[in-house]
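A short write-up of the structure that comes next.
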Amino acid sequence: MTPTPRRSNPRPQATNAHPLRFGYGTNGLADLRLDDALALLADLGYDGVGLTLDHMHLDPLAPDVAARTRKVARRLDTLGLGVTVETGARYVLDPRRKHGPSLLDPDPADRARRVDLLIRAVRIAADLGAHAVHCFSGVLPADPTHLANPADPANPAATADTAEHTAWKRLAEALTPVLDAATHAGIPLAVEPEPGHLLATLADFHHLRRILGDPPALGLTLDIGHCQCLEPLSPADCVRAAAPWLRHVQIEDMRRGHHEHLPFGDGEIDFPPVLEALAATGYQALTVVELPRHSHAGPHFAAQSLPFLHRAARAIPAGAEGSTP
């Protein structure tokens, strides 16, 4: 049987000068069947997809997940779409706890469920030929007293410091088998700094990297909106600072101090310098639009977002590609 050729998605000529590859996240298309979402993105001209493993799309806990994954891999190949696997589904593990359980949960059995999900994600990513697997740390438990050292109950600062130290230790231990699986599969694990989480900033990512001994499989997911929200550097400077570890990029608009994912033009970010910085680093994986709270109008925002990014890319000065950051 003759294999179906990969489809070459049309891209504006100016964008070809800078090999940025744009995708859209399925967590912003949750009201569509996965096959319909993939066809929509291919028809709109996207280069790839940020595929969130979730019950309504590719359910990582389904008994026939291997067969479903093979089917999705064939569909991606037919449509010419690259893919990054994302693990930010809100209720895939627990129907009552958003993003629960996490890698920081007090119950070892609960932490093991999250670890199992991430290892499943690595296997799925390998079968899909994905660029990376995305994940995040989770938030500190609401009552961190179980993390604290009771030896000094009169010193709240010491208690908080001990709790945080224990949380980082717990995170590193939980990620170790996931990194082992990622190393074996040849798929980088791209940890995302998430506002409000234990690992919230680029500095926190480097803290984790040092704790783990800088394993080659550990990479970074950089969310451009999060940079605008809370990093001391500008989003473009964050890209340059993150370049050596950059394995996945999410992009949307955002305002300083407000963790709200906004459509392009509704926030404060100046996007041409951000895309220029990405092009200059030589980053070649996907830059994925991240609008999870806009699924009610997902096709509309997917159709609007790509032309915006292409216009921003056309504003990159000639010669920016491949320069040293």
Side-chain angles (χ1 to χ4, degrees), residues 6-52 57 75-86 130-132 134 221-228 235-236 239 246 248-254 260-279 281 283-316 320-321:
R6 292 179 69 92
R7 189 170 85 175
S8 176
N9 292 324
R11 299 184 68 192
Q13 184 177 358
T15 311
N16 287 336
H18 308 283
L20 299 175
R21 305 176 63 237
F22 298 119
Y24 200 93
T26 60
N27 61 1
L29 297 168
D31 293 313
L32 275 66
R33 297 178 181 88
L34 179 57
D35 193 68
D36 292 339
L38 298 179
L40 170 72
L41 298 182
D43 288 344
L44 289 173
Y46 282 92
D47 300 292
V49 59
L51 175 56
T52 295
H57 287 154
R75 187 63 170 149
L76 290 168
D77 188 68
T78 298
L79 295 172
L81 293 173
V83 60
T84 298
V85 169
E86 301 191 349
H131 301 292
H134 147 279
T221 292
L222 187 69
D223 188 303
I224 301 303
H226 295 173
C227 297
Q228 176 69 21
V239 169
L246 203 55
H248 182 44
V249 174
Q250 297 172 342
I251 194 166
E252 70 286 314
D253 219 337
M254 203 168 286
E260 181 182 1
H261 290 233
L262 299 172
F264 298 120
D266 287 1
E268 301 169 341
I269 298 175
D270 183 13
F271 285 95
V274 174
L275 299 186
E276 179 181 350
L278 275 174
T281 68
Y283 175 75
Q284 296 181 357
L286 291 172
T287 299
V288 172
V289 179
E290 183 81 358
L291 292 173
R293 296 188 178 181
H294 292 74
S295 278
H296 63 284
H300 167 76
F301 287 107
Q304 281 195 335
S305 296
L306 189 60
F308 180 95
L309 290 170
H310 283 161
R311 288 193 297 271
R314 286 197 293 270
I316 299 174
E321 177 190 352

If only atom types and distance count, is the side chain of Asp253 paired as donor or acceptor with the main-chain N or O of His261 below 3.5 Å?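 Not confirmed, Asp253 side chain does not pair with His261 backbone.
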
Taking His134 for its side chain and Val249 for its backbone only, find out whether a donor-acceptor pair lies under 3.5 Å. no

Nearest-0.5 Å distance, [atom1] of residue [X] to [atom2] of residue [Y]:
X      : Y      : atom1 : atom2 : answer
Leu222 : Leu278 : CG    : CG    : 8.0 Å
Asp223 : Thr221 : CG    : OG1   : 9.0 Å
Leu262 : Phe301 : CG    : CZ    : 10.0 Å
Gln228 : Ile269 : CD    : CD1   : 5.0 Å
His226 : Gln250 : NE2   : CD    : 7.0 Å

Close side-chain approach of [X] to [Y], heavy-atom, < 4.5 Å:
X      : Y      : answer
Leu29  : Val49  : no
Phe264 : Ile251 : yes
Leu309 : Val289 : yes
Ser305 : Phe22  : no

So which heavy atom on [X] is nearest to which on [Y], and how close?
X      : Y      : result
Leu41  : Gly48  : CD1-O, 4.3 Å
Tyr24  : Ala302 : CE1-CA, 3.4 Å
Thr52  : Thr26  : N-OG1, 2.9 Å
Ala30  : Ser295 : N-OG, 3.0 Å
Glu252 : Phe271 : O-CZ, 3.4 Å
Ala313 : Leu275 : N-CD1, 3.7 Å

Name all residues meeting the side chain to side chain donor-acceptor pair (under 3.5 Å) criterion together with Asp35; count only those two or more places apart in sequence or in a different chain, and write none if there are none. Arg75

Can you name the side chain to side chain donor-acceptor pair (under 3.5 Å) partners of Glu260, sequence neighbours left out?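 Result, side chain to side chain donor-acceptor pair (under 3.5 Å) vs Glu260: none returned.
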
Applying side chain to side chain contact (heavy atoms under 4.5 Å, CB included), name anything that partners Val288, two or more places apart in sequence or on another chain.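 By the side chain to side chain contact (heavy atoms under 4.5 Å, CB included) rule, Val288 matches Glu86, His248, Leu286.
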
Glu290 versus Asn27, side-chain donor and acceptor atoms under 3.5 Å: yes

